[in-house]
Amino acid sequence: QVSLVESGGGLVQAGGSLRLSCAASGRSFSSYTMAWFRQAPGKDREFVAAIHRSGISTYFADSVKGRFTISRDNAKNTVSLQMNNLKPEDTAVYYCAASRWFDITTSQARYNYWGQGTQVTVSS
């Protein structure tokens with residue numbers, strides 16, 4: 001069992017930056033692929049970024065590529081999402097998720113544990 005708690009959301013102007021963090025409790029954090037998803041009002045939840053259990057490989061949605069980075073610290077059981085050059089269309093609730101899948105995956109169905117989410121609002 002893994003429990004995930006996100007933090008770092010807030011209100012920022014377009015072009016600004018935010019750093020989201022996700023703290024995991026439970027066993028074997030380093031064995032999980034970790035990811036961030038987001039859900040904007042009236043839209044389905046979508047994949048944002050993922051990082052392999054080793055921390056070596058990452059993958060990003062095209063909409064955030066070049067602006068967002070994902071990192072993890074397996075010693076501290078944390079995963080972070082650095083968001084730069086934010087746009088109003090990045091406004092959403094951001095969720096941290098953990099997957100037992102052997103590799104990076106964008107499929108929500110392969111993520112076994114989810115956090116409660118943190119709100120990110122980008123004003124124009």
Side-chain angles (χ1 to χ4, degrees):
Q1 187 76 15
V2 175
S3 177
L4 304 172
V5 179
E6 303 95 336
S7 62
L11 173 64
V12 64
Q13 289 188 331
S17 298
L18 278 176
R19 186 177 181 85
L20 304 183
S21 294
C22 174
S25 61
R27 296 182 176 181
S28 304
F29 173 77
S30 61
S31 66
Y32 290 91
T33 288
M34 299 299 297
W36 290 92
F37 290 80
R38 67 186 182 187
Q39 187 168 21
K43 295 188 177 181
D44 292 335
R45 188 163 56 187
E46 64 177 5
F47 170 82
V48 175
I51 186 166
H52 188 265
R53 61 189 69 182
S54 67
I56 295 176
S57 301
T58 59
Y59 188 77
F60 297 91
D62 287 344
S63 58
V64 306
K65 202 171 294 183
R67 300 188 297 121
F68 291 12
T69 57
I70 186 171
S71 60
R72 67 189 296 162
D73 186 334
N74 286 343
K76 296 182 178 180
N77 285 11
T78 59
V79 60
S80 298
L81 184 70
Q82 177 66 42
M83 306 185 294
N84 298 328
N85 190 22
L86 283 160
K87 304 176 181 180
E89 52 263 43
D90 294 318
T91 294
V93 177
Y94 283 71
Y95 297 91
C96 175
S99 172
R100 298 192 195 97
W101 196 251
F102 66 96
D103 203 350
I104 287 177
T105 177
T106 63
S107 170
Q108 297 185 47
R110 291 177 176 157
Y111 284 85
N112 308 96
Y113 303 103
W114 295 82
Q116 292 300 306
T118 185
Q119 177 70 47
V120 171
T121 303
V122 185
S123 63
S124 57

Exercise for the section: Establish, for the pair Arg110 and Phe102, whether the NZ or CZ atom is under 6.0 angstrom from the six-membered ring centre and no further than 45 degrees off its axis. Expected result: no
Check whether any side-chain heavy atom of [X] sits under 4.5 Å from a side-chain heavy atom of [Y], and report yes or no.
| X | Y | result |
| --- | --- | --- |
| Val93 | Arg38 | no |
| Leu86 | Leu18 | yes |
| Val48 | Phe60 | no |
| Arg72 | Asn74 | yes |

Count I, L, V, M, F, W, Y as connected when their side-chain heavy atoms are under 4.5 Å apart, and connections chain through other members. Are [X] and [Y] then in the same cluster?
| X | Y | answer |
| --- | --- | --- |
| Ile104 | Leu4 | no |
| Val64 | Leu20 | yes |
| Leu81 | Trp114 | no |

If you compare all heavy atoms of [X] against all heavy atoms of [Y], which two are closest, and at what distance to 0.1 Å?
| X | Y | value |
| --- | --- | --- |
| Thr33 | His52 | OG1-CA, 4.3 Å |
| Phe29 | Asp73 | CE2-O, 4.0 Å |
| Val79 | Trp36 | O-CZ2, 3.8 Å |
| Ala14 | Ser124 | CB-CA, 4.3 Å |

Handout entry: Asp103 bridged to Arg53 by N-O distance under 4.0 Å
Key = no
Handout entry: Lys/Arg N to Asp/Glu carboxylate O, Asp62 vs Lys65, below 4.0 Å
Key = yes
To the nearest 0.5 angstrom, please state how far the [atom1] atom of [X] sits from the [atom2] atom of [Y].
| X | Y | atom1 | atom2 | answer |
| --- | --- | --- | --- | --- |
| Asn112 | Tyr32 | CG | OH | 6.5 Å |
| Ile51 | Ser57 | CD1 | OG | 8.5 Å |
| Ser3 | Asn77 | OG | CG | 11.5 Å |
| Gln39 | Glu46 | CD | CD | 9.5 Å |

Practice task
Establish, from distance only, whether the side-chain atoms of Arg100 and Tyr113 form a donor-acceptor pair under 3.5 Å.
Solution key: yes
Exercise for the section: Scan side-chain atoms only and decide if Ser17 and Asn84 contain a donor-acceptor pair under the 3.5 Å cut-off. Expected result: yes
Any donor-acceptor N/O pair, [X] side chain to [Y] backbone, under 3.5 Å:
| X | Y | answer |
| --- | --- | --- |
| Thr91 | Val122 | yes |
| Tyr111 | Thr105 | yes |
| Thr121 | Leu11 | no |
| Arg19 | Gln82 | no |

Exercise for the section: Take Val5 and Gln116, measure what side-chain contact (heavy atoms from CB on, under 4.5 Å) needs, and give me the verdict at the end. Expected result: CA-CA 7 Å; Val5 179; Gln116 292 300 306; over 6 Å; no
Exercise for the section: Run the ring-centre check on Phe37 versus Tyr95 and record whether the distance is less than 6.0 Å. Expected result: no
Handout entry: Worked verdict on Tyr94 versus Glu6 for side-chain contact (heavy atoms from CB on, under 4.5 Å)
Key = CA-CA 8 Å; Tyr94 283 71; Glu6 303 95 336; over 6 Å; no
Exercise for the section: Run the numbers on Asp90 and Arg67 for side-chain contact (heavy atoms from CB on, under 4.5 Å), then give the verdict. Expected result: CA-CA 11 Å; Asp90 294 318; Arg67 300 188 297 121; 2.7 Å; yes
